[in-house]
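Notes follow once the structure below has been shown.
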Amino acid sequence: MKDIDKEEMKGQAPEEVVVDDVNPTPAEEQEAEGEVAEAADSELTEEERLSKENEKLQAALEKEKKEYMFLMAEFDNFRKRTLREKSELIKNAAESVFKGLLPVVDDMERALKASAESDDATTIRQGMELIYKKLVKFMEQNGVKEMDPDDKEFNADTHEAITAVPVPDESQKGKIIDTVEKGYTINGKVLRHAKVVVGQ
């Protein structure tokens, strides 16, 4: 029997294995799904990355806005404080000057009272000279100085020519002939121009 079976089998063509369209195995399906999911994830990741970057930029912008507003408020406070301090400084400087002048005013009042009771012109003059010296000293202590009365060179920066007079000597042309009103400086700056007569 065994031999017949073998013979029969030899005479028959081997059965052909029909291969239909290959269905993917579960492992292959899983791999394909993973690729699709990975592509979707990478797309979502890009959107998420852009979204996160946008959020970061928005937060940075808000921070910069707050810092800018803070700096503006700080600058405004600084400006107001500086103006207030400057006005107070000017006010206090004037107060200091007038406070220093009060003793001179007191001396003048005493001199006027004494001159009404005395006929001695020499004594009255001496008293006036003392008051004048006291006033000049106070002015110098506060930076106010008289311009050099011996300066005979006309300078438009420090002198004001109120008139010009003809002079016989050529060397006196353009020179100061007379000072009508003294000039003063305060800390090196012209406080009042000297009014002078210039030769022409």
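- Of the residues K66, E74, E67, the one that meets the side-chain contact (heavy atoms from CB on, under 4.5 Å) test with F70 is E74.
- In this structure the side chain of K113 never reaches within 4.5 angstrom of the side chain of E109, judged on heavy atoms.
- When hydrophobic clusters are built by joining Ile, Leu, Val, Met, Phe, Trp and Tyr residues whose side-chain heavy atoms come closer than 4.5 Å, directly or via intermediates, V144 is not grouped with V190.
- For the pair N155 (side chain) and D157 (backbone), a donor-acceptor distance under 3.5 Å is present.
- Atoms CZ and NZ, from R84 and K91 in turn, are 13.0 Å apart once rounded to the nearest 0.5 Å.
- No option in M147, E146, H193, K145 other than E146 meets the side-chain contact (heavy atoms from CB on, under 4.5 Å) test with Y184.
- The shortest distance between side-chain heavy atoms of R110 and D106 falls below 4.5 Å.
- Look at R125 and E129 and you find a salt bridge, because one of the NZ, NE, NH1 or NH2 atoms lies within 4.0 Å of a carboxylate O, short of that distance.
- Residues Y132 and V136 are in side-chain contact: their nearest non-hydrogen atoms beyond the backbone lie under 4.5 Å apart.
- For the residue pair L101 and L135, the shortest heavy atom distance occurs at CD2-CD1, 3.5 Å.
- If you take CG on N92 and CD on E85, they are separated by 11.5 Å, rounding to the nearest 0.5 Å.
- Across G174 and F154, no two heavy atoms sit closer than the pair O-CB, 3.4 Å.
- Looking only at side-chain heavy atoms (C-beta outward), E170 and K173 come within less than 4.5 Å of each other.
- The hydrophobic clustering, which links ILVMFWY residues whose side-chain heavy atoms are closer than 4.5 Å, places M108 and F98 together.
- At least one donor-acceptor pair closer than 3.5 Å links the side chain of S115 to the backbone N or O of A111.
- The hydrophobic clustering, which links ILVMFWY residues whose side-chain heavy atoms are closer than 4.5 Å, places M128 and L112 apart.
- Considering CZ of R192 and CD of E160, their distance stands at 10.0 Å, rounded to 0.5 Å.
- Transitive grouping of hydrophobic side chains (ILVMFWY, heavy atoms separated by less than 4.5 Å) keeps V198 and V167 in distinct clusters.
- For the residue pair D120/S118, the side-chain donor-acceptor check at 3.5 Å is not satisfied.
- A salt bridge links D76 with K80: the distance from a Lys NZ or Arg NE/NH1/NH2 to an Asp or Glu carboxylate oxygen falls below 4.0 Å.
- Not one N or O on the side chain of N54 forms a donor-acceptor pair closer than 3.5 Å with the backbone of L50.
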Check your understanding: Under the side chain to side chain contact (heavy atoms under 4.5 Å, CB included) criterion, do I131 and K134 qualify, and how do the steps go?
Key -> CA-CA 5 Å; I131 295 168; K134 187 174 185 177; 5.6 Å; no
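- Grouping the Ile, Leu, Val, Met, Phe, Trp and Tyr side chains by contacts below 4.5 angstrom, directly or via other members, places L191 apart from V180.
- Ion pairing between E55 and K52 fails under the 4.0 Å rule for side-chain N and carboxylate O.
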**Study point:** Derivation and outcome, side chain to side chain contact (heavy atoms under 4.5 Å, CB included), residues K195 and K182
**Key:** CA-CA 7 Å; K195 292 182 180 178; K182 292 179 183 177; over 6 Å; no
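- Using a distance-only test at 3.5 Å, with no hydrogens or angles considered, a donor-acceptor pair links the side chain of T82 to the main chain of F78.
- Ionic pairing of R49 and E46 is present here: one or more N-O contacts between side-chain nitrogen and carboxylate oxygen are shorter than 4.0 angstrom.
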